[in-house]
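To start, the structure itself, in structure tokens.
Proteins get letters first, then strands, A, B, ... in listed order; numbering begins at 1 in each.
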Amino acid sequence: MGGRDMGHQANSSQKRIALIDGNNFYVSCERVMQPRLVGRPVIVLSNNDGCAISRSDEAKAMGIKMGAPLHEFRSLIRNGNLEALSANFALYGDLSERMMRVLGQFSPRQEIYSIDESFLDLTGIAGTGRQIGTDIRQRVARWTGIPTCVGIGPSKTLAKLANHLAKKVPRLQGVCDLTGLPQEKLLKILGHIPVDEVWGVGRRLAPRLAGLGISTAAHLASANPGWIRKCFSVTLANTVRELQGISCLDLQDIAEPRQQIIHSRSFGAAVRQFSDLAQAVSMFACQAAAKLRIQQSTAAAIQVSIFYRNNPWSITHQRHAILDLVPATDSTTILADTASKCLRSIFEPGYDYIKAGVRLLDICPKHPDCAQQLELDFDSAQTESAAQARLADTALMRTLDQINARFGDGTLMPASSSHRADAPWLMRQKSKSSNFTTNWKELALVHC
DNA sequence: TCTGGGGTCCTAGGACCC
DNA sequence: TCTGGGGTCCTAGGACCC
């Protein structure tokens, strides 16, 4: 009986969760630094300038779809009717951090969900949802220049839906609060939302649900969670409860370290030479290692994948290899070396390689007392020198990270990943904006 | 011709154990 | 020839998210 708990929840002990996200986030970041883009149709392209991954409202109005490939709108760009920018993730990451810091001022409990989204627990915080939401939007806009929408609900899933409405319904002025509504009123609102707009219902589930007569968020909210559990999964059963106002998904306000770290890229052009592939893989290993050190972890295994085609028209195939790292490590040099060993074991000449990736696995925190597997080694002198080598390596990596943080990624790297500026595997980025906020050389100058 | 990259969680099935 | 039941761990694959 889905309705059993619903009346019970609709009281003042209800949670109040907000979801705030940046509107067209990447485009908005570009506009903060380049005001001439405001009011114009603008898109931001994926790596390699492949397809659209962020669109301004004006670009959406022109019918440009999310993920649409560049060649579909080349002529629009040529004629000056559309501005297309290469992705500048250093800029987006930096503006994201600023936005998240501002949001954190509104609640002691914050979950940073993605680069442009944050949940806040507003339970027990003074003010109506509308008042707080309006304050949030104004402060973020004033302090970072990023436009946002705010959705509020008794569960994360309803906060997500509220955020969706805040964007879609102009009358709401960017803030939608679904807490404290009578059941009939809430169901009436959910009745206008297609089921695939619900968080957790994707392309595959939506048609299956529709086949069972569940085509709106209201239908799903009225379903029996036990039955959904049987026919689908616990995840979707939780979604049903969340839609009923029963909070099942906790706010994860303490960031868990990543369980795996991936760095992979499609190449700007196909490569055939082992040396090119080796440079790319070494470089990707360095970048993955840097991410690993940021979260102060070590990896106990590394996987290298390479993607190739038999001929330009064939489908993509892949090969991969995994090697264990004993002891677990966060060292760029060891990770890059091991990645090269993986690559050597799977490389075969004669193919067009179009992409490669490095994945760090079996990640655990880098504590001196962390139960890491040590090498079996009965020669204590050797063990000691290995320990000293590790200490020296840690110091070296700290220096490397500091230099790269100050002078830009890639300033310092192992010789194995050094390459020419026109290496074929480097990604294509024809129209990237400057690193206005993260590189001294490209700092934005504001004329007052 | 041209279509990204980086994550998480769940489930089913096989290996293995007692 | 007979041939249980229950548990854990691991992995691959599916589905979802931004």
Side-chain angles (χ1 to χ4, degrees), chain A residues 19-26 43-55 64-75 77 84-89 92-93 96 111-119 156-157 160 163-164 195-209 228-239 248-250 252 255-270 284 287-288 291-292 294-295 301 303 305 307 309 311-316 318 320 322 352 354-363 427-430:
Chain A
L19 176 77
I20 302 95
D21 76 342
N23 303 343
N24 316 328
F25 186 67
Y26 299 162
I43 57 172
V44 169
L45 300 167
S46 63
N47 283 328
N48 261 330
D49 293 346
C51 61
I53 55 171
S54 179
R55 305 157 296 154
I64 293 170
K65 296 270 179 283
M66 188 69 170
L70 177 62
H71 66 88
E72 280 182 12
F73 35 82
R74 269 239 160 83
S75 61
I77 299 169
L85 298 164
S86 302
N88 182 349
F89 287 107
Y92 312 149
S96 170
E111 174 186 343
I112 296 171
Y113 178 68
S114 75
I115 193 164
D116 72 327
E117 280 176 275
S118 173
F119 288 104
K156 285 170 129 182
T157 305
K160 273 273 204 185
N163 181 283
H164 170 76
V195 74
D196 60 355
E197 298 286 354
V198 175
W199 194 35
V201 179
R203 266 200 314 279
R204 304 295 178 126
L205 284 179
R208 279 182 67 198
L209 287 167
I228 293 286
R229 163 78 188 88
K230 240 179 278 161
C231 300
F232 294 89
S233 66
V234 285
T235 324
L236 194 62
N238 281 338
T239 299
C248 301
L249 306 173
D250 286 333
Q252 317 233 302
E256 293 288 317
R258 304 244 170 270
Q259 296 171 26
Q260 54 176 18
I261 289 171
I262 299 174
H263 193 92
S264 72
R265 287 279 182 279
S266 297
F267 300 146
F284 297 171
Q287 280 159 328
K291 288 186 215 167
L292 186 66
I294 286 173
Q295 69 164 31
Q303 174 181 328
S305 307
F307 301 76
R309 281 203 273 255
N311 60 62
W313 306 276
S314 85
I315 56 160
T316 303
Q318 70 157 299
H320 68 263
I322 299 181
D352 284 328
I354 54 171
K355 175 180 173 178
V358 169
R359 190 153 72 123
L360 305 182
L361 303 157
D362 297 347
I363 288 175
M427 60 183 172
R428 292 185 297 262
Q429 286 208 301
K430 279 198 182 145

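With rounding to the nearest 0.5 angstrom, the CD atom of A:Glu72 is 10.5 Å from the OG atom of A:Ser75.
When each of A:Asn47 and A:Thr235 is assigned the nucleotide of DNA chain B with its nearest heavy atom, A:Asn47 is the one assigned upstream, toward the 5' end. Where A:Phe232 and A:Ile261 each meet DNA chain B at their nearest nucleotide, the meeting point lying more 5' is that of A:Ile261.
Taking every side-chain heavy atom of A:Ser264 into account, B:dG5 is the closest of B:dG4, B:dG5, B:dC10. Proximity note for A:His263 (side chain, C-beta onward) versus B:dG6, B:dC10, B:dG7: the nearest is B:dG6. Listed nucleotides B:dG7, B:dG4, B:dT11 differ in distance to A:Ser233; the shortest reach to its side chain belongs to B:dT11.
One atom, CD of A:Gln260, and another, P of C:dA12, lie 12 Å apart when rounded to the nearest Å. The separation between A:Phe73 atom CZ and B:dT1 atom P is 18 Å, rounded to whole Å. Whole-Å rounding puts the A:Met427 CE to B:dG5 P distance at 8 Å. Atom C1' of nucleotide B:dT8 and atom CG of A:Asn238 are separated by 15 Å, given to the nearest angstrom. Nucleotide B:dC2 holds its C1' atom 12 Å from the CD1 atom of A:Ile77, rounded to whole Å. The CG atom of A:Leu361 sits 14 Å away from the P atom of C:dC10 (whole-angstrom rounding). Computed from coordinates, the A:Arg428 CZ to B:dG5 P distance equals 11 Å when rounded to whole Å. When rounded to the nearest whole Å, the span between OH of A:Tyr26 and C1' of B:dG4 equals 10 Å.
The P atoms of C:dC18 and B:dT3 are separated by 24 Å, rounded to the nearest whole Å.
OP1 or OP2 of B:dG5 has at least one side-chain nitrogen or oxygen of A:Ser266 nearer than 4.0 Å. Residue A:Gln252 places no side-chain N or O under 4.0 Å from the OP1 or OP2 atom of B:dT8. Under 4.0 angstrom from either OP1 or OP2 of B:dT11 there lies at least one side-chain N or O belonging to A:Arg229.
Within the 3.5 Å criterion, the main-chain N or O of A:Leu19 finds no donor-acceptor partner in the side chain of A:Glu117. Side chain of A:Arg428 to main chain of A:Gly268: a donor-acceptor pair is present (N/O by atom type, distance under 3.5 Å, no hydrogens or angles). In this structure, the side chain of A:Asp49 engages the main chain of A:Lys430 through a donor-acceptor pair within 3.5 Å. The main-chain N or O of A:Val44 is never found under 3.5 Å from a side-chain atom of A:Ser54 such that the two would form a donor-acceptor pair. With A:Lys291 contributing its side chain and A:Ile262 its backbone, the two residues share a donor-acceptor pair below 3.5 Å. Looking only at distances, no side-chain donor or acceptor of A:Ser305 sits under 3.5 Å from a matching main-chain atom of A:His320. For the pair A:Asp196 (side chain) and A:Gly202 (backbone), a donor-acceptor distance under 3.5 Å is absent.
Using cut-offs of 30° and 60° on the angle between ring planes, the pair A:Tyr113 and A:Phe119 is perpendicular.
Counting only Watson-Crick and G-U wobble pairs whose two distances sit under 3.5 Å, DNA chain B takes part in these stems of three or more pairs: B:5-18 with C:5-18.
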Discussion item. Can you build the contact string for nucleotides 13-18 of chain C? Use B for base contact, S for sugar-phosphate-only contact, and - for no protein heavy atom under 4.0 Å.
Written reply: --SSSS

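Salt-bridge formation is detected for the pair A:Glu111/A:Lys156: a Lys NZ or Arg NE/NH1/NH2 atom is positioned less than 4.0 Å from an Asp or Glu carboxylate oxygen.
If you check every strand for non-hydrogen atoms under 4.0 Å, A:Leu70 touches nothing.
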